Amino acid sequence: MAQDGPEQFDVVVIGAGFSGLYAIHRLRQQHSVVCFETGDGVGGTWYWNRYPGARVDIISVEYSYGFDEALQQEWRWPEYFSAQPALEEYANHVADRFDLRKHIRFSNPVTRMRFDGKTNRWHVHTANGDHVEARWVIAATGALHAPNEPAWPGRELFQGQVLHTTQWPREGMDLTGKRVALIGTGSTGVQATPIIAEQAAHLHLFQRTPAYSMPSGNRPLDPEFEADWKANYAERRQQMLQTWGVSLIDYPTYSALDCTPEQQNEILEKAWRSKNAFQLLTAFSDVMVNPAANNVVAEFARNKIRGIVKDPKTAELLCPTYPIGAKRLGNDKGYYEAFNRDNVTLVDAKSAPIVAFTAKGLRTTEAEYEFDVIILATGFDAVTGAMSRIAIEGVDGQTVAERWRDGPTTYLGAMIAGMPNLFMIHGPLTPAAQAQMITAGEWQINWTADIIEDLESRGVARIDTTPEAEQWWAQQVDAAAAMTVHNLADSWYNAKNIEGKKGGFMIYIGGFPEYTRACTEAVAGGYRGFVLT
Ligand code: N01
């Protein structure tokens with residue numbers, strides 16, 4: 001029978017990444033749920049990012065769901081740091097195991113949404129022409145989803161292939177014998193470089209800002225280590241939530257400046273070899289908050305680069321001058337070593353920026369280069385991009401993109417004033433990628449679902465927040481960022497990775513316990529900062 005008007009649901013979930021999948025699972029216990037996903041499969045970040053070398057930098061036993069004891073006991077991770085295929089396989093397993101696919105409409109991105117203030121329901125429209133109405137929307141759209149592709153002229157002229165790292169073909173790409181340009185030296189470029197270098201006839205890596213990176217130390221998962229985790233999983237998950245980044249790495253209490261140079265070096269050598277991605281940043285208590293302490297670690301890392309890279313000029317060009325950790329620390333398997341190969345050339349795209357695509361390759365202010373393939377590892381319109389690119393219209397007709405023109409405003413990273421009943425997971429001004437995202441996402445989804453269930457039990461149809469609450473939260477976010485070295489570099493953390501993008505610090509870095517305390521206290525304090533009607 002033909003249906004009149006929009007389909008009715010209690011909840012729309014946007015995105016079937018790791019957070020979206022758990023949101024479906026949690027919410028559908030008491031609600032009708034539909035999820036719209038842009039891709040044709042589940043996994044979000046780990047669906048899109050299949051470039052060579054894509055791998056997580058958090059140990060697999062942590063970077064996984066904790067909501068189901070049987071799942072975490074039965075699942076076997078092959079390696080300490082999971083590669084993209086293992087993470088995508090896990091997402092697919094979870095979708096099947098918990099029968100989530102029936103709620104998901106694939107290849108069907110949400111294009112626009114409008115809140116109807118009379119019915120207190122969202123009208124959600126998609127690319128395939130779906131129109132649904134729901135009381136609640138959970139946007140699990142991903143902090144690193146919308147690609148940043150520099151708008152150099154002439155892309156249509158280029159006779160070879162050009163692609164962003166999120167557009168890597170599922171069947172892979174054979175780069176054997178190809179002249180390849182890789183642009184960008186963030187975590188993505190750092191991971192892809194050594195693998196592409198092995199395949200390509202020649203790789204030119206275009207570097208605008210050098211990267212700090214340390215060896216990932218990936219290895220097959222030790223069965224004893226795995227058994228120990230599985231025997232203590234529930235307790236460890238709780239402990240993780242009590243740590244700054246939702247990860248059980250060592251957090252020492254001593255300052256770098258209280259150690260002799262010999263002690264500093266010994267500690268840093270141990271951290272370098274620790275096989276734990278972030279151990280350099282937590283080698284001392286003050287690496288991220290004291291520029292002098294930071295410089296001890298930064299100089300150690302620069303000396304590692306000078307020690308690995310044989311050509312002194314290339315080594316110096318690879319040495320960053322900003323504080324280590326201010327931009328995301330890379331995690332690699334042979335990044336610096338790749339520059340010792342004859343078929344790898346580092347191009348300084350800072351002193352001679354890329355200005356155009358040409359029929360045969362790229363032009364910088366200084367030279368022309370010929371390529372068969374150009375790979376853009378140029379990152380993301382991070383944190384805000386995925387939401388701003390959907391036309392989301394709130395109570396006063398203003399869209400999210402308009403509201404965020406000068407930077408994102410949110411309360412607790414979860415709600416936007418004037419956009420009632422819309423909750424974001426890993427939204428702007430949450431800890432996002434500074435916390436281990438699967439466990440942090442589960443926490444945020446549970447907090448959100450508890451709110452929805454509580455409001456429904458009390459007959460409350462609408463929850464909103466206020467500009468004052470947003471302002472208060474912005475102050476907390478800025479104060480936390482100001483205590484660190486993060487603003488001493490331009491990055492996606494502070495919206496300075498894209499020319500013209502506005503905004504202050506995009507994520508809350510006061511630590512996950514502080515974040516959850518603020519969220520929990522707001523609700524316990526009578527929904528402080530929210531407006532219920
Ligand atoms: O993106 P990025 P990413 N001309 O923004 C350069 C997570 N992640 O995809 O630094 C020339 O960090 C840009 O230069 P600059 C992780 O959270 C995790 O690498 O702006 N170059 C930069 O070098 C990470 O932080 C993992 O001067 C241009 C690069 O492109 C986040 O994702 C792995 C340019 C972009 O670096 C994003 O990482 C991968 C231009 N016009 C990603 N525009 C792991 O878990 C940009 N660039 C290990």
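Order of appearance sets the numbers: ligands from 1, and atoms from 1 within every ligand. Bear in mind that the values here come from a model prediction, so they are computed numbers and not experimental data.
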Quick test: of every protein heavy atom, which one is nearest to [atom], and how far off is it to 0.1 Å?
atom: atom 31 (C) of ligand 1; value: W492 NE1, 3.5 Å
atom: atom 39 (C) of ligand 1; value: Y51 OH, 3.2 Å
atom: atom 12 (O) of ligand 1; value: G186 CA, 3.7 Å
atom: atom 6 (C) of ligand 1; value: G184 CA, 3.7 Å
atom: atom 3 (P) of ligand 1; value: T188 OG1, 3.3 Å
atom: atom 1 (O) of ligand 1; value: G379 CA, 3.1 Å
atom: atom 7 (C) of ligand 1; value: L144 CD1, 3.7 Å

Taking only non-hydrogen atoms of [X], do any sit less than 4.0 angstrom from ligand 1?
X: F380; value: yes
X: Y493; value: no
X: R55; value: yes

Less than 6.0 angstrom separating the ring centers of [X] and [Y], yes or no?
X: Y335; Y: F339; result: yes
X: Y63; Y: W77; result: no
X: W244; Y: Y251; result: no

*Test side chain to side chain contact (heavy atoms under 4.5 Å, CB included) applied to H202 - qualifying residues, sequence neighbours left out*: H204, N343, T345

Indicate yes or no: does an N/O atom of [X] lie under 3.5 Å from an N/O atom of ligand 1?
X: K327; result: yes
X: T185; result: yes
X: W152; result: no
X: D57; result: yes
X: D490; result: no

Out of [options], who gets a non-hydrogen atom closest to [atom]?
atom: atom 33 (C) of ligand 1; options: Q191, M437, R328, Q84; value: Q191
atom: atom 27 (O) of ligand 1; options: N148, T378, T209; value: T209
atom: atom 30 (O) of ligand 1; options: S187, A54, S491, A377; value: A377
atom: atom 13 (C) of ligand 1; options: E499, K350, R208; value: R208

_Using a 4.0 Å cutoff against the non-hydrogen atoms of P150, which atoms of ligand 1 qualify?_
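Contacts of ligand 1 toward P150, numbered from 1: 41 (N).
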
*Identify, by atom number and element, the atoms of ligand 1 in contact range of V56, meaning under 4.0 Å from any of its heavy atoms.*
45 (O)

*asked:* Tell me which one of F206, F357, F158 satisfies ring-ring contact (aromatic ring centres under 6.0 Å, His included) with Y369.
replied: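 Checked F206, F357, F158 against Y369; only one passes ring-ring contact (aromatic ring centres under 6.0 Å, His included): F206.
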
*How long is the gap from OH on Y411 to OG1 on T409, to the nearest 0.5 Å?*
14.0 Å

*Rounded to the nearest 0.5 Å, what separation is found between the CD atom of Q238 and the OG1 atom of T439?*
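Those atoms lie 10.5 Å apart.
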
*For the residue pair P52 and I196, what are the closest heavy atoms and their distance?*
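Residues P52 and I196, closest heavy atoms: CG-CG1, 4.1 Å.
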
*Are side-chain heavy atoms of D228 and R236 found at a separation under 4.5 Å?*
yes

*Does F18 reach the side chain of E442, with side-chain heavy atoms less than 4.5 Å apart?*
no

*Mind checking whether Y63 contacts ligand 1 via backbone (N, CA, C, O), side chain (CB onward), both or neither, at a 4.0 Å heavy-atom cut-off?*
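For Y63, there is no contact with ligand 1 at all, from either part.
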
*Classify the ring geometry between F67 and H25 as parallel (under 30°), tilted (30 to 60°) or perpendicular (over 60°).*
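Answer is tilted, since the angle falls between 30° and 60°.
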
*Which residues satisfy the side-chain hydrogen bond (donor to acceptor under 3.5 Å, both in side chains) test with N340, sequence neighbours excluded?*
none

*asked:* Quick check with a 6.0 Å cut-off and a 45 degree axis cone: is R50 positioned over the face of Y47's six-membered ring?
replied: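 Here R50 passes the 6.0 Å and 45° test against Y47.
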
